[in-house]
Amino acid sequence: MTSDWIDSESKYYMHVVNRQPVVIEKGNGARVWDVAGKEYLDFTAGWAVTNLGHNHPEVTSAIQEQAQTLLQTSNQFYTLPQLRLAEALVENSVLDKVFFSNSGAEANEGAAKLARKYGKIHLDGANEIITTLGSFHGRTIGMIAATGNPHYQENWGPLSPDFVNVEYNNLDEIKNATTDRTCAIMVEVIQGEGGVIIPSEGYLKGLREWCDEKKILLIFDDVQCGAGRLGTLWGYETAGVEPDVMTLAKGLGNGVPIGAFMCKEWCDVLEPGDHGSTFGGNPLATAAANATVRYMIEQDIPSAALSIGRYLRSKLEDLAQSYSEIVTEVRGVGLLLALVFQEQISAKLVAECNQLGLLLNPVRPNAIRLMPPLIVSESDCDEAVGIIETALKKVLGN
Ligand SMILES: *Cc1c(COP(=O)(O)O)cnc(C)c1O
């Protein structure tokens, strides 16, 4: 019974999140089923993670095969899946080198270490990293200082020093904050957790030019925007600007935990002993990610995401037009979309949608985020928008 499981959670598990009352047992493609057998269309995709859909056969068989072969060595030795994945990422991006971690936060920690060492060697010891308000870079002690959001910072001070948070989408603020202590700027191409915030034309290009001028590193946190989510394999392709350092996680392993940070050859300042991780890049995780990335490239999943994203967006725009008294905006790129409301109805709306068989994220009190697997069909999108409309009517009381 669902309620028994929920009771067991409150007895045994730390209450760090208010969950939706849905106990998910299994998934397939764009759908999941709860313990009572009820089916849901999953427009959260494990938080922009299962980009190829739940239980993708290629990824599942790579995991099965690797589980029968080798799960773990240590970073004292070479392993084949790690090398295959490294090759796939480097050969299919503008970055030259990669290191594997276990999560997005850890990938960003690694990128920050690389930037600080770069500053130490090439910028006279500069160690400040500028990040933006409304960003999300993870929950480690280091990354809460990078994440420009008081909610993630307030109980855990003193914050790790030398992360400077400035307004997003404001080039002047970045310029004013840049000093001879600055070694890097880290931003998301689109702020995901911040509410699907798209910077204006020219912002990311402006950052690129500024970093070139100041000879500091431009880091793109592509943890959410990467792995096809925006309709391009990596976020920088959508941005039209190349970063010096890029971090990945979420969709990289289609559900198997893995992160990565990548850099250009010229800023690869790390040397033996500088960085490491017991599990980072282990054979199981890298075999899954290798299958994910190669399938994504071979089948051109990003292009499919772009076109189905346009379809979903047009349906949402129709909905917005019909309910213009409450829906104020549809925003996003590819399959990272948000529907924005006049009022703070997203929690209620998402609860109604759950009941009606659609999983969504109330990313802001007045906005819901849609981040389905990149393999959703037009009829899945029709169904989802239909459910949102029904839920909206209920919330509005008509
Ligand atoms: C989710 C996310 C992270 C953190 O990833 P974890 O794997 O939860 O540590 C970092 N940056 C961005 C942009 C994210 O969306």
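All ligand and atom numbering here is 1-based and tracks the order in the structure.
Among all heavy-atom pairs drawn from Gln66 and Pro81, the shortest one is OE1-CG, 3.5 Å.
A donor-acceptor pair shorter than 3.5 Å cannot be found between the side chains of Ser277 and Ser101.
Cation-pi geometry between Arg116 and Phe163 is met: the NZ or CZ atom falls under 6.0 Å from the ring centre, inside 45° of the normal.
For Tyr40, there are no ring-ring contact (aromatic ring centres under 6.0 Å, His included) partners, not counting sequence neighbours. For the ring-ring contact (aromatic ring centres under 6.0 Å, His included) test, residues two or more places apart in sequence or in another chain that qualify with Phe99 are Phe261, His275. With sequence neighbours excluded, the residues forming a side chain to side chain contact (heavy atoms under 4.5 Å, CB included) with Gln299 are Tyr295, Ile301, listed by chain and number.
The protein residues lying under 4.0 angstrom from ligand 1, judged by non-hydrogen atoms, are Ser103, Gly104, Ala105, Asn108, Phe136, His137, Gly138, Glu188, Asp221, Val223, Gln224, Lys250.
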